Structure formats: structure tokens, C-alpha cells
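Here's the structure we're looking at; comments come further down.
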Amino acid sequence: MSSTPVVTRFAPSPTGYLHIGGGRTALFNWLYARGRGGKFLLRIEDTDRERSTPEATAAILRGLTWLGLDWDGEVVSQFERRDRHAEVAHQMLARGTAYKCFSTQEEIAAFRAAREAEGASYAVFVSPWRDADPATYPDAPFAIRMKAPRTGETVIEDQVQGRVIIKNETLDDMIVLRSDGTPVYMLAVVVDDHDMGVTHVIRGDDHLNNAARQQMVYDAMGWAIPVWAHIPLIHGPDGKKLSKRHGATGVEEYQAMGYPAAGMRNYLTRLGWAHGDAEIFTSEEAIQMFDLAGIGRAPARLDFKKLENTCGHHMAMAEDAALLHELKAFLAVAGLSALTEVQELRMKDALSFLKKSAKTFPELVEKAAFLMVSRPVVPDEKAAASLDTVSRGILKSLTPRLQNVSWSKDALEPILNEIAAENGIGFGKLAAPLRAAIAGRTVTPSVYDMMLVIGRDEVIARLEDASS
RNA sequence: GGCCCGUUCGUCUAUCGGUUAGGACACCUGGUUUUCAACCAGGUAAGAGGGGUUCGACUCCCCUACGGGCUGCCA
């Protein structure tokens with residue numbers, strides 16, 4: 001194979017947040033580069049001055065960072081490279097692979113309307129200036145158009161889509177430099193990818209047709225064509241193009257919904273890509289396994305249930321310290337109050353069991369309610385119901401016996417069993433009021449787990465609160 | 001309209017001419033259990049339709065249907 005190092009890139013337009021589909025495209029580029037000791041570059045395609053904003057760029061960077069996709073080198077601004085783009089357009093002019101076109105937009109519109117009136121199925125604009133004698137050039141603004149081949153075909157060798165053949169007659173002489181001297185996207189991408197040394201262009205398949213045009217620019221400049229890989233877009237659960245009505249479309253929304261980044265990464269990697277039966281894997285494993293050949297050709301639908309399941313596995317797999325760190329970040333972006341010192345201390349102990357059953361951070365926080373509340377614990381309606389007179393009496397008889405036991409499950413278990421036996425009830429009947437007293441609710445983690453986390457003094461205090 | 005791409009269980013997919021079409025999620029049933037989960041065991045479920053090619057097609061070719069993309073001096 002080639003010995004040239006792999007260089008991939010992600011090139012979003014800063015016109016909004018980082019779309020989940022864009023996030024996946026970035027992820028694929030990142031995986032591919034990282035798995036081959038290559039580089040993953042980031043370029044912001046901000047040539048559309050009307051719609052590009054610095055806020056959007058910041059949001060995209062945040063989204064990528066959250067997903068754990070680190071890029072190499074500086075972020076490239078396409079807009080700042082406009083002089084270079086114009087330079088290449090003029091080089092094309094000099095090479096004779098482009099020409100000055102003085103047709104006005106009105107003339108072009110009229111041309112199309114006329115062809116349409118004739119009943120033409122499509123109207124490729126043919127500029128009258130394509131072969132005009134420079135002596136006839138008017139003193140007027142002009143655009144630079146590429147002198148595209150009119151016959152034959154352009155073949156795209158795509159790693160995902162296979163060999164795609166486009167007839168040249170269906171492609172017009174696209175403009176590379178506007179009459180105001182600004183470069184057009186189609187030129188800018190090629191020049192930037194070339195200058196940045198991009199070897200593999202992995203992007204959405206909405207660009208598949210564009211690849212033919214771009215390839216013409218590569219040819220016009222005598223540059224090496226990169227490896228193409230046009231990946232299908234992500235669709236909503238109904239199979240339609242993913243849009244707002246399907247729910248979250250922005251990467252940061254997923255963070256705010258509390259999906260752990262590792263799970264998100266795993267899910268997005270598996271969405272539209274497979275490696276045998278591999279389902280749950282770390283990023284390191286994904287980097288090792290990832291290849292272009294495993295990418296499917298059909299658009300994949302988002303499945304929130306599977307996303308959750310995948311996230312659940314990663315929650316359970318996570319290191320407690322890292323999970324605590326991510327939990328705090330989640331609390332911040334979700335606009336929830338930060339953990340107090342006491343809560344954080346308890347959380348550190350509770351994570352070992354909480355993470356096993358939670359799939360998302362909101363779920364984890366929900367299960368951690370017992371350690372978040374402070375005295376007096378106010379029971380909800382159902383919990384209050386289980387704290388009847390009899391139960392309160394039982395709890396009252398329990399507290400003295402907790403004073404001197406060693407605070408471990410092994411020591412606590414016999415005591416609670418004794419209490420249950422003495423009162424002629426099963427452990428389940430005892431656990432209910434205990435849960436109510438300790439957490440103020442009926443659905444909680446194991447009573448032992450809770451007791452161990454909040455500690456003897458707090459448990460006794462809560463039991464006394466509830467039984468008095 | 002034209003051009004291009006796609007179509008295996010509800011969903012993500014494996015298969016790369018010969019399989020009882022496999023796995024995962026979801027769903028259903030059972031088990032475990034201290035509540036909710038989690039967990040364990042089992043189950044239901046698929047090659048869009050029609051033509052070819054072939055001894056043999058989910059796999060190759062064609063047509064149709066459906067979905068998507070492109071068709072700008074947007075990116």
C-alpha cells in the first residue's frame with residue numbers, strides 16, 4: 001500500500017451547531033486517521049459571510065471536543081485563504097483550463113428559461129465566452145469559469161459508493177471565481193484539501209456529485225486526486241432526512257440530554273458501519289477496527305433505544321473518577337446545580353453501583369437522589385404511605401442497634417434480617433419503609449448500598465426523622 | 001424533468017454464489033430479586049416486487065416501486 005501518511009479532515013460550515021451527522025462524519029475521519037498514524041485536520045468553511053458566525057464555530061469546536069475528537073494543528077479558516085483561492089483561479093486561467101465569462105446573471109437566467117421553454121430536460125449553461133477571442137472582451141466585471149470537458153465521462157473511484165460514472169455533458173463550466181473576486185466553495189475545497197495535504201476525503205454523500213466537479217479542478221491543476229469516501233447521511237427514525245421534528249439534531253443537545261460521550265462515540269461508530277459482530281467497544285478498539293470497507297451504502301436511522309443501551313454499557317465500563325468528572329460537566333451544561341462537597345463525597349462512593357444500572361446521566365442523578373437530599377428528607381406520597389405507625393415503630397427499634405455495628409453490609413445484613421424476623425415480616429416489607437426514610441421515595445438503589453454511602457450518623461438521623 | 005446513490009428481522013447490521021440467513025437493540029415469555037433497574041435463559045421477527053444469468057442466487061445483470069442526493073456567481 002501507499003507509504004504516504006494519511007491525512008483526513010472535517011470541514012463544517014459555521015452556520016449553526018454541530019449536527020449529529022456532521023459529528024459522525026468527523027468521527028469517521030478521526031477514526032481513520034488515528035488508526036493509521038495519520039493526521040486529522042479541521043477546516044472551517046466560512047466563505048459564506050452572510051451565514052457564518054464565530055458563535056457557530058465555537059459551538060462546533062465544543063461539540064467535537066465533547067465527542068473526544070481531537071484535531072491536529074491549527075483550525076484553518078477557509079475565508080482567510082481567499083487570496084490563495086483566487087491565485088489558483090488565475091493559474092487556471094493562465095493554463096487555459098479556465099476562462100473569463102462576462103455573462104450576467106440575467107443572461108444566464110434567460111438562457112435557462114429559454115431552454116426550459118424548449119422543453120429541455122435539463123439546462124447546462126454554455127457560456128458564449130468559452131472560446132471567445134480575448135480581443136472581444138468588454139471592459140466589464142467577469143467571473144472565472146472552469147473549462148470543463150464537454151465529452152467523455154468523469155469516473156469517481158469511491159471507497160464506499162464504488163465506481164461512479166458521471167457524463168461530462170451533464171456538468172456545466174462551473175464558476176470558480178465570482179465576478180466580485182471571491183472564490184466559490186467548489187474551488188476553495190479543492191485548493192484547501194490540496195494545500196493541506198489531505199489524502200482521504202471522507203464526507204457526506206450529498207457531495208458525491210460535487211466530487212466529479214472537484215475532480216475536474218484537480219485535473220485542471222494537475223494535482224493528485226484524493227481517495228474519496230462518500231458516506232450516507234443519518235436519517236430520523238422514520239427514514240426521512242434527520243430534522244428538528246425528530247428531536248435532537250445537534251451534538252451538544254445529546255450532551256445536555258446526558259448521554260456519556262464514550263457511548264455516543266460507540267453508537268455513532270456502529271451506525272452505518274460494522275465490523276463483524278462487534279457491538280460494544282472502546283475508542284481504542286474502534287480505532288484499531290475502523291476501515292472504509294465496513295461503511296454501509298444505505299442511510300442509517302437513528303435509534304434512541306440502542307443509543308441508550310450502548311451508553312449503558314459505557315457507563316458501567318467507565319472509571320469512577322472519569323465518570324464523576326463527566327457527571328459534573330453534564331450538570332453544568334444541563335443547567336443543574338453543581339454537587340456540594342458532601343454530595344460529591346457520597347457520589348464518589350456511590351458511582352461504583354450507580355453506574356451499573358444507569359444508561360444516562362439524568363438516570364444516574366435520579367438514582368442518586370438519596371445522596372443528594374439533605375435532612376429532613378421529605379417523603380413523596382408513595383413513600384409516606386409506607387411510613388405508617390407500625391413501620392415507624394419498627395424503624396425506631398432499629399436505630400439503637402445500628403449504633404455500634406461495624407458499618408459493612410456483612411454486619412448490617414444480620415441485623416436487618418433479625419428485625420424483620422422479630423416483626424414477622426419479610427425483608428421486602430422492611431426495605432420499603434427503610435427506603436422511604438432514607439431516600440424519601442419508593443424506588444431507590446439497594447438499601448445496603450445507600451446506607452453504606454451516606455454513613456452511620458446520617459442513616460440514624462434520617463431514621464429518627466422518619467420515626468419520630 | 002435530468003443525472004447520481006441506495007433497498008436483509010421494527011431498527012443497526014453479518015453474509016462477500018451453496019448457511020437451519022448469524023449477532024445486537026427493541027419486543028414477548030420465564031428466572032433471579034429488597035422496590036425500579038440491572039442481570040440470566042428462551043422466543044417472535046428479514047432478503048421491496050418482477051424478470052433474467054447460473055446446477056444453484058440475499059449475493060451478478062435488467063426493469064419497476066419506494067427512499068435519498070445533486071442539478072446556484074450557497075456551502
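As the structure is a prediction and not an experimental result, all values here were calculated from the model.
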Taking pairing as Watson-Crick or G-U wobble with both contacts under 3.5 Å, can you name the mate of B:G47, or confirm there isn't one?
none
Any strand is fair game: report the nucleotide pairing with B:C58 by Watson-Crick or G-U wobble, both distances under 3.5 Å, or none.
none
Pair A:Lys147 + A:Asp131, salt bridge at N-O below 4.0 Å:
yes
Check whether the ring centres of A:His194 and A:Tyr218 lie less than 6.0 Å apart, and answer yes or no.
no
Parallel, tilted or perpendicular: which fits the ring planes of A:His207 and A:Tyr185, with parallel below 30° and perpendicular above 60°?
tilted
If pairing requires Watson-Crick or G-U wobble contacts with both distances under 3.5 Å, which nucleotide is the partner of B:A65?
B:U7
Mind checking if A:Thr47 touches a base, just sugar-phosphate, or nothing, with heavy atoms under 4.0 Å?
sugar-phosphate
Take atom P in B:C36 and the same atom in B:G30, then report the distance between them in whole Å.
15 Å
Both distances below 3.5 Å, Watson-Crick or wobble geometry, any strand: find the nucleotide opposite B:G30.
B:C40
Looking at A:Arg441 and A:Asp380, does any basic side-chain N land under 4.0 Å from a carboxylate oxygen?
no
Atom-to-atom span, CD1 of A:Ile280 to P of B:C25 - whole angstrom
8 Å
What nucleic acid atoms does A:Ala432 come within less than 4.0 Å of, heavy atoms only: base, sugar-phosphate, or nothing?
nothing
Around atom CD of A:Glu319, are there more than 12 heavy atoms from other residues, nucleotides or ligands closer than 6.0 Å?
no
Between C1' of B:C9 and CZ of A:Arg301, the distance in whole Å
13 Å
Applying a 4.0 Å non-hydrogen cut-off, can you work out what A:His230 is touching in the nucleic acid: base, sugar-phosphate, or nothing?
nothing
Looking at every strand, decide which applies to A:Leu208 at a 4.0 Å heavy-atom threshold: base, sugar-phosphate, or nothing.
sugar-phosphate
Using a cut-off of 4.0 Å on non-hydrogen atoms, how would the nucleic acid contact of A:Glu45 be classed: base, sugar-phosphate, or nothing?
sugar-phosphate
For the pair made of CE in A:Met317 and P in B:C39, what is the distance, rounded to whole Å?
14 Å
Once you apply a heavy-atom cut-off of 4.0 Å, does A:Arg441 come out as touching a base, just sugar-phosphate, or nothing?
nothing
Any donor-acceptor pair, under 3.5 Å, between the side chain of A:Asp205 and the base of B:G69, if you only look at N and O atoms?
no
Nearest-Å distance for atom pair CZ/P, residues A:Arg163 and B:C61:
14 Å
Taking for each residue the nucleotide of RNA chain B bearing the nearest heavy atom, is the 5' side occupied by A:Val164 or by A:Leu271?
A:Val164
Mind checking if A:Lys367 touches a base, just sugar-phosphate, or nothing, with heavy atoms under 4.0 Å?
base
Contact under 4.0 Å: A:Lys305 side-chain N or O vs B:A24 OP1/OP2
no
Within the structure shown, what part of the strands sits under 4.0 Å from A:Arg435 by heavy-atom distance: base, sugar-phosphate, or nothing?
base
Nearest-angstrom distance from the residue atom CD1 of A:Ile175 to C1' of B:C73
4 Å
Please report whether the ring centroid of A:Phe290 lies less than 6.0 Å from that of A:Trp273.
yes
Which part of the nucleic acid does A:Ser103 contact within heavy-atom distance under 4.0 Å: base, sugar-phosphate only, or nothing?
base
Residue closer to the 5' end of RNA chain B, A:Val447 versus A:Gln105 (nearest nucleotide)
A:Val447
In whole Å, what is the span from the CZ atom of A:Arg115 to the P atom of B:G1?
18 Å
At under 4.0 Å between heavy atoms, what does A:Gly272 touch on the DNA or RNA strands: base, sugar-phosphate, or nothing?
sugar-phosphate
Under a 3.5 Å limit for both distances, which nucleotide forms a Watson-Crick or G-U wobble pair with B:G1, could you say?
B:U71
Looking for any heavy atom pair under 4.0 Å, which part of the strands does A:Pro237 touch: base, sugar-phosphate only, or nothing?
nothing
Report which part of the nucleic acid A:Asn210 touches: base, sugar-phosphate, or nothing (heavy-atom distance under 4.0 Å, all strands).
base
In whole angstrom, give the distance that lies between atom NE2 of A:His85 and atom P of B:C73.
19 Å
For the residue pair A:Arg49 and A:Phe79, would you count it as a cation-pi contact if the rule is NZ or CZ under 6.0 angstrom from the ring centre and within 45 degrees of the ring axis?
yes
Nucleotide B:A37, atom C1' - distance to CD of A:Glu308 in whole Å:
13 Å
Partner nucleotide, any strand, of B:C16 [Watson-Crick/G-U, under 3.5 Å]
none
So does A:Arg51 reach the base of B:C74 with its side chain, donor to acceptor, closer than 3.5 Å?
yes
Between A:Arg270 and B:C25, is there a contact of a side-chain N or O with OP1 or OP2 at under 4.0 Å?
no
Is the side chain of A:Asp449 donor-acceptor paired with the backbone N or O of A:Pro445 at a distance under 3.5 Å, no angle test?
no
When we call it a touch if two heavy atoms are under 4.0 Å apart, what does A:Tyr448 touch: a base, just sugar-phosphate, or nothing?
base
Considering every strand and a 4.0 Å limit on heavy-atom distances, what is the contact class for A:Ile165: base, sugar-phosphate, or nothing?
sugar-phosphate
